[in-house]
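Read through the structure below, which is laid out as structure tokens, and then see the notes.
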2 protein chains.
Amino acid sequence: MANQKWLNSAEMKAWRGFVSTSYDLLNLIARDLEPFGIDGGDYQLLAMLSEAPNQKLKMCDLAEKLRLSRSGLTRRMEGVMKAKYVSQIRDEDDGRVIFAHLTKKGYDFIKTIAPHHLKSVRNRMIDLLSPAEIKAFGSGFEKIAKNVNSSD
Amino acid sequence: MANQKWLNSAEMKAWRGFVSTSYDLLNLIARDLEPFGIDGGDYQLLAMLSEAPNQKLKMCDLAEKLRLSRSGLTRRMEGVMKAKYVSQIRDEDDGRVIFAHLTKKGYDFIKTIAPHHLKSVRNRMIDLLSPAEIKAFGSGFEKIAKNVNSSD
DNA sequence: TACAACTAGTTGCGAGCACAACTATATCAT
DNA sequence: ATGATATAGTTGTGCTCGCAACTAGTTGTA
């Protein structure tokens, strides 16, 4: 175990770049949303719902997509429900289940903000990369994700 | 502003892959450290000090490297100081400054753990990527970092 | 020298999160 | 049917963090 192959300089650059930059990048993109009166967590929540069939998801599925615990989502829902962006609907077939549902107001809201978010993602990441880098990010993260998800 | 160019499929794959995978990856690598009795935050702290000249850094510089607020670092120091991995040393020249200093015990500790961490980084990321992907991650994050840092 | 402005670090406090315990409902085995 | 087990969601609690306010020490200006 003490006899590990250390990272060569290209590997080190990739690892260090990823670790030290990804936090800052995600943070900046989240901050770009604040002038529009929403934080990154709420934006992700509305975005997930807007892409879901009928703009609704079971609470537990939504929590998993957002990388939140079930309790974490319960609390985060308080804000977006108070703002009337999301409502809750009991499932008629399974009494345990509650759907989070994007309201018309929530839909209109995220439609308005999405172009700004898109611009932020372009300016801070996508438009800085060459086509080859874009492709490598896509294939690289795909491999990493496969491995991550097989680790349960 | 409503007339933004949407992401094409390669761009979308790169962005989505990055967003949804980077959190999980960093999380898993941090969890790999837990069997050794340390969390990701403390590991990063010890690692930064181990690479610094004389194994010491001013508190404010260390906070910046760790992406912590000054108060956040003050609190995190409590744990590693209690474990005797780090000590604090007042600067003789500037009475405001305190150095965080890696102790012998802290140095030995991180030396022991580093190979396991390295193995984790290899297994979960580096060894999954082709040389071309490694290179693209390195150059890509370098460009992103330059842009991020120019945004103050 | 003396006073203002700045910098380093700590403390009070509140936000956001996970974990454990709990309630309610559903499913499965006999 | 019925009792054990599993699943969905909420509530209580504690941890980590950032922000604002504070203390202490330094630097700049006159």
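In what follows, chains are A, B, ... by sequence order, proteins preceding strands, each numbered from 1. Just so we're clear, the structure is a prediction, and the values are computed from it rather than from any experiment.
- No N or O donor and acceptor, one from the side chain of B:Arg70 and one from the base of D:dG18, sit under 3.5 Å apart.
- As a whole-Å value, the separation of B:Arg75 CZ from D:dA20 C1' is 12 Å.
- Listed pair B:Arg76 / D:dT16 fails the phosphate criterion, with no side-chain N or O lying under 4.0 Å from OP1 or OP2.
- Of the residues near DNA chain D, B:Asp94 and B:Leu73, the one whose nearest nucleotide (by heavy atom distance) lies more toward the 5' end is B:Leu73.
- Using a 4.0 Å heavy-atom cutoff across all strands shown, B:Leu68 reaches sugar-phosphate atoms only and no base atom.
- Counting distance only, with no hydrogens placed and no angle test, the side-chain atoms of A:Ser71 and the base atoms of C:dC17 include no donor-acceptor pair under 3.5 Å.
- For A:Met59, taking side-chain heavy atoms from C-beta onward, the closest of the listed nucleotides D:dT10, D:dA8, D:dG18 is D:dT10.
- Not less than 6.0 angstrom separates the ring centroid of B:Phe18 from the ring centroid of B:Phe137.
- A:Leu26 and A:Tyr43 fall into different hydrophobic clusters, where Ile, Leu, Val, Met, Phe, Trp and Tyr side chains are chained together by heavy-atom contacts under 4.5 Å.
- At whole-Å resolution of the value, CG in B:Asp42 and P in D:dC17 are 9 Å apart.
- Take the nearest nucleotide of DNA chain C for A:Gly95 and for B:Gly72: the residue whose nucleotide is more 5' is B:Gly72.
- No single ILVMFWY cluster, assembled from side-chain heavy atoms under 4.5 Å apart, contains both B:Phe99 and B:Met48.
- Protein atom CD1 of B:Ile98 is 17 Å distant from nucleotide atom P of D:dT23, rounded to whole Å.
- The hydrophobic cluster containing A:Leu118 also contains A:Leu129, counting ILVMFWY residues as joined when their side-chain heavy atoms lie under 4.5 angstrom apart, directly or transitively.
- Distance A:Leu45 CG to C:dG16 P: 13 Å, rounded to the nearest Å.
- Residue A:Asp93 is in sugar-phosphate contact alone, with no base atom involved, counting any heavy-atom pair closer than 4.0 Å across all strands shown.
- When each of A:Lys58 and A:Arg31 is assigned the nucleotide of DNA chain D with its nearest heavy atom, A:Lys58 is the one assigned upstream, toward the 5' end.
- One can place CG of A:Leu62 at 19 Å from P of D:dT7, the figure rounded to the nearest angstrom.
- A:Arg90 comes within 4.0 angstrom of nothing in the nucleic acid, heavy atoms only.
- Between the CD atom of B:Glu92 and the P atom of C:dA8 there is a distance of 19 Å, given to the nearest Å.
- For the atom pair B:Thr21 OG1 and B:Met125 CE, the distance stands at 11.0 Å (nearest 0.5 Å).
- The interatomic distance linking A:Asp39 (CG) with D:dG18 (C1') rounds to 14 Å, in whole Å.
- No N or O donor and acceptor, one from the side chain of A:Arg96 and one from the base of D:dG9, sit under 3.5 Å apart.
- Regarding A:Glu64, its CD atom lies at a distance of 15 Å from the C1' atom of D:dG9, rounded to whole Å.
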